[in-house]
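Note sheet for the following structure.
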Amino acid sequence: MKARVAVVVVAALVALVGVGALVLYAQGANSRAVAGARPQQVYVADRVVPAGTSLQDAVNQRLLSRTNLPAESTPQGALTQVTAQNKDLVAVNEIQTGEFVLSTRFQPQAVGAQAISVPKGTVAVSAELSDPARVGQFLTPGSHIVIYDTFDKPGSAGQVTPTTEVLLEDVLVIAVGSASLSPTGGDAQSTDAKAGTVPVTVALPPSDSTRLVHAIQTGKLYFGLRGSGVDLSQSGSVSDSSLFP
């Protein structure tokens with residue numbers, strides 16, 4: 001009987017030693033795997049980082065956090081640390097939640113300039129316009145405008161007729177020259193209010209952005225500043241023959 005008990009005790013001890021050795025081996029293998037992967041800490045966006053936000057502010061506001069990635073999985077150029085050299089750089093465009101942040105997403109900001117803020121779901125398109133075509137000095141970031149296009153309209157027998165029509169009825173202006181809507185919704189004063197042409201940048205849904213780009217390439221644009229309650233549905237099409245009633 002005593003012999004049987006001794007055999008059972010010895011077997012149990014051998015099993016415990018075996019399990020312990022297996023655990024130690026597994027832990028060692030995991031450590032070797034982690035060491036071989038050379039993990040790196042990189043920044044990831046926990047929340048949307050608005051354009052114009054400084055790197056230091058993005059970290060302070062907990063928009064960004066650090067996470068470990070194996071070296072072979074780390075995106076090339078990933079942001080790995082915040083230093084005195086890069087902390088004041090600003091996001092050149094909006095960084096979406098879940099993005100691994102690249103260093104190039106943050107750039108120097110020119111003195112007196114604002115990073116442009118493009119509303120979600122829209123495309124920014126710029127047109128170079130003279131003072132009259134952009135309503136003089138009265139267009140500002142945040143203005144709502146109507147865009148007219150004068151183009152050669154094909155007619156019968158291959159003839160073309162210069163025609164003006166409303167291209168887009170209600171468009172948001174997000175920049176005039178170097179003045180732009182800031183990420184907080186305000187506007188910055190223009191630093192280049194000068195004679196001649198000035199780029200006016202508007203925000204459009206993708207379908208309308210294609211139309212505007214085509215009109216820029218093929219026609220002549222004119223902007224109008226919208227008033228409240230304006231109805232453009234009766235604007236119609238105007239040519240030389242219909243200019244006067």
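Side chains included, hydrogens not; waters and symmetry mates left out as well; all remaining heavy atoms used.
Between K220 atom NZ and T164 atom OG1 the span is 9.5 Å, to the nearest 0.5 Å. With rounding to the nearest 0.5 Å, the separation of OH in Y43 from CG in L64 is 7.5 Å. Taken to the nearest 0.5 Å, the OG1 atom of T150 stands 10.0 Å off from the OH atom of Y222. Atom OG1 of T80 sits about 7.0 Å away from atom CD of Q40, to the nearest 0.5 Å.
No donor-acceptor pair closer than 3.5 Å links the side chain of Q217 to the backbone N or O of H214.
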Listed pairs under 3.5 Å, donor-acceptor, residues 55-62 side chains, sequence neighbours left out:
residue : atom : partner : partner atom : Å
Q56     : NE2  : N60     : OD1          : 3.1
D57     : OD2  : S54     : OG           : 3.1
N60     : ND2  : Q56     : O            : 3.4

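Using a 4.5 Å cut-off between side-chain heavy atoms of Ile, Leu, Val, Met, Phe, Trp and Tyr, with links allowed through other members, I147 and V166 fall into different hydrophobic clusters. Placement of V202 and V135 within a single hydrophobic cluster is found when ILVMFWY residues are connected by side-chain heavy-atom separations under 4.5 Å, directly or transitively. Note on V173: it does not cluster hydrophobically with Y148, by side-chain heavy-atom contacts below 4.5 Å among ILVMFWY residues. Both L221 and V213 sit in one connected hydrophobic cluster of ILVMFWY residues. Membership requires side-chain heavy atoms under 4.5 Å apart, directly or through other members. Note: the hydrophobic cluster containing V200 also contains L225 (ILVMFWY, side chain heavy atoms under 4.5 Å, direct or indirect links).
You'll find the side chain of I145 reaches within 4.5 Å of the side chain of L139, heavy atoms only.
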From CA spacing to verdict: side-chain contact (heavy atoms from CB on, under 4.5 Å), F223, L129 = CA-CA 9 Å; F223 288 180; L129 298 172; 3.2 Å; yes
ask   = Does the side-chain contact (heavy atoms from CB on, under 4.5 Å) test come out yes or no for K153 and E165, once each step is laid out?
value = CA-CA 10 Å; K153 190 171 186 176; E165 295 181 2; 3.2 Å; yes
request  = Quick one: do L212 and I216 satisfy side-chain contact (heavy atoms from CB on, under 4.5 Å)? Show the steps, please.
outcome  = CA-CA 6 Å; L212 179 56; I216 291 171; 4.0 Å; yes
task = Carefully, step by step, assess V146 and L168 under the rule side-chain contact (heavy atoms from CB on, under 4.5 Å).
result = CA-CA 6 Å; V146 53; L168 299 167; over 6 Å; no
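Through side-chain heavy atoms spaced under 4.5 Å, either directly or across other Ile, Leu, Val, Met, Phe, Trp or Tyr residues, V48 is tied to no other residue.
Heavy-atom minimum distance, S242 versus S239: OG-N, 2.9 Å. Of all heavy-atom pairs between P50 and A91, the closest is O-CB, 3.8 Å. Nearest approach of I174 to P141, heavy atoms of both residues: O-CB, 3.9 Å. Between L204 and S209 the shortest heavy-atom distance is CD1-CA, 3.8 Å.
A donor atom on one side chain and an acceptor atom on the other are not found under 3.5 Å apart for T163 and T161.
R226 and E169 are not joined by a salt bridge, as no carboxylate oxygen comes within less than 4.0 angstrom of a charged side-chain nitrogen.
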